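Letters A, B, ... are given to chains in the order of the sequence lines, protein chains preceding strands, and every chain is numbered from 1. Remember, predicted model here, so these are calculated numbers, not experimental data.
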2 protein chains.
Amino acid sequence: MHMSKGVEWAIHTLLNLSMLGDDDPVGSAQLAAGHGLPVAYLNKQLQLLVKAELLTSSPGPRGGFRLARDPDSITLLDVVLAIEGNESLFRCTEIRQCGKIAELHTGGNDSAACAVKRAMYRADLAWREALATQKLSDVRRELDMDDPAVTRTVRRVFGRE
Amino acid sequence: MHMSKGVEWAIHTLLNLSMLGDDDPVGSAQLAAGHGLPVAYLNKQLQLLVKAELLTSSPGPRGGFRLARDPDSITLLDVVLAIEGNESLFRCTEIRQCGKIAELHTGGNDSAACAVKRAMYRADLAWREALATQKLSDVRRELDMDDPAVTRTVRRVFGRE
DNA sequence: GGGTGTTTACTCGGATATACGATGTCCGAGTATGAGTGG
DNA sequence: CCACTCATACTCGGACATCGTATATCCGAGTAAACACCC
């Protein structure tokens, strides 16, 4: 029931990129080395971010990844959906319409979604709302408050100063 | 990233039990037949509910499961935690303390939880809050509003009238 | 007839296989770079 | 000296293994009921 590790990786990677300005693209190898991650698998996740239009990629020498939008217009929900897909946490398999109960209960209106589904979806919605109201820029600001020096360190690791 | 099917099964099963009153226990075979579920696996989930003290079990002939508490004091969060465990959706593996960035950044204060973790946990909390504010009795009431006849059908399937 | 011991059948409970998705790895397609060459 | 061509090395992108968890199944331990038997 846990989320993929890719979400954590993606968020940290996006944050790192947001600290560099839009100078030059950064290769997946460098991004992975920054946090000691397996290069190829991180690359897989980055491709998902490209597909979701959160990153842009450039091939060839001096190629790599770059933020596609301002950190102010990227929410945590965007990142989670990009990596995990748009399906909801709870999946209703309509078991209410199977088995003896359903067989004996012919008169019901199947049109309305079952109450269990609706209740669980309300919780899903609250979760998504909480993710959608937190922008990448907010997280970065909070991160700077904790430790203002980290931005310079990141810039140095990626050879920006 | 989906939740276990067991959650859906558990909620429907608990709802069915809540419609019977506290007359007699119901065996896992009957409960499974009600929705066409695999008996042995449903039984596994029911044991989790027993361990979480949402159900009580009686062995031997005419044994089975019974609600341990009033549906008014069981929340959807209780059910989810019983089946899925108490771990949060997002698991922080502290990658910020690995790799080149961490090696070069010696001065940071590791004591504070990282901002990413905190942000994701806020969303987790909103989700749990939304689950905790929905009681089993609420869902059942909503279900009755949709189709008042279903309770009688359930009682009939389990031989209560 | 009533009480008691025993058998029995039914229940839960946990140990054991299988399937699917997350995780991790690898190699090929494509391109910007830079060198080399000719004008 | 400049423009063009070509080889090159580096990048992303997607196809291929491996691992862990969710799913599904099975069999044994335990118990309450029912029966037979004895008092």
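In this entry the distance linking CG of L37(A) with P of dA22(C) reads 19 Å, nearest Å.
For E129(A), the side chain to side chain donor-acceptor pair (under 3.5 Å) criterion is met by no residue, not counting sequence neighbours. Scanning for salt bridge (Lys or Arg N to Asp or Glu O under 4.0 Å) contacts around R141(A) gives D138(A), with sequence neighbours left out. Partners of D70(A) under the side chain to side chain donor-acceptor pair (under 3.5 Å) rule, at least two apart in sequence or in another chain, do not exist in this structure.
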Quiz item: Can you give one letter per nucleotide of nucleotides 11-25 of chain D, 5' to 3': B if a protein heavy atom sits under 4.0 Å from the base, S if only from the sugar-phosphate, - if neither?
Solution: SSBBB------SBBB
Going by atom type alone, with no hydrogens or angles, which donor-acceptor pairs under 3.5 Å involve a side-chain atom of residues 113-123 of chain B and a protein atom two or more places apart or on another chain?
from: R118(B); atom 1: NE; to: E142(A); atom 2: OE2; distance (Å): 3.2
from: R118(B); atom 1: NH1; to: D146(A); atom 2: OD2; distance (Å): 3.1
from: R118(B); atom 1: NH1; to: A113(B); atom 2: O; distance (Å): 2.6
from: R118(B); atom 1: NH2; to: E142(A); atom 2: OE2; distance (Å): 2.9
from: R118(B); atom 1: NH2; to: D146(A); atom 2: OD2; distance (Å): 3.1
from: R122(B); atom 1: NE; to: Q134(A); atom 2: OE1; distance (Å): 3.1
from: R122(B); atom 1: NH2; to: Q134(A); atom 2: OE1; distance (Å): 3.0
from: R122(B); atom 1: NH2; to: E142(A); atom 2: OE1; distance (Å): 3.1

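Applying the ring-ring contact (aromatic ring centres under 6.0 Å, His included) test to pairs two or more places apart or on separate chains, those with a residue in residues 34-85 of chain A are W9(A)-Y41(A), H12(A)-H35(A).
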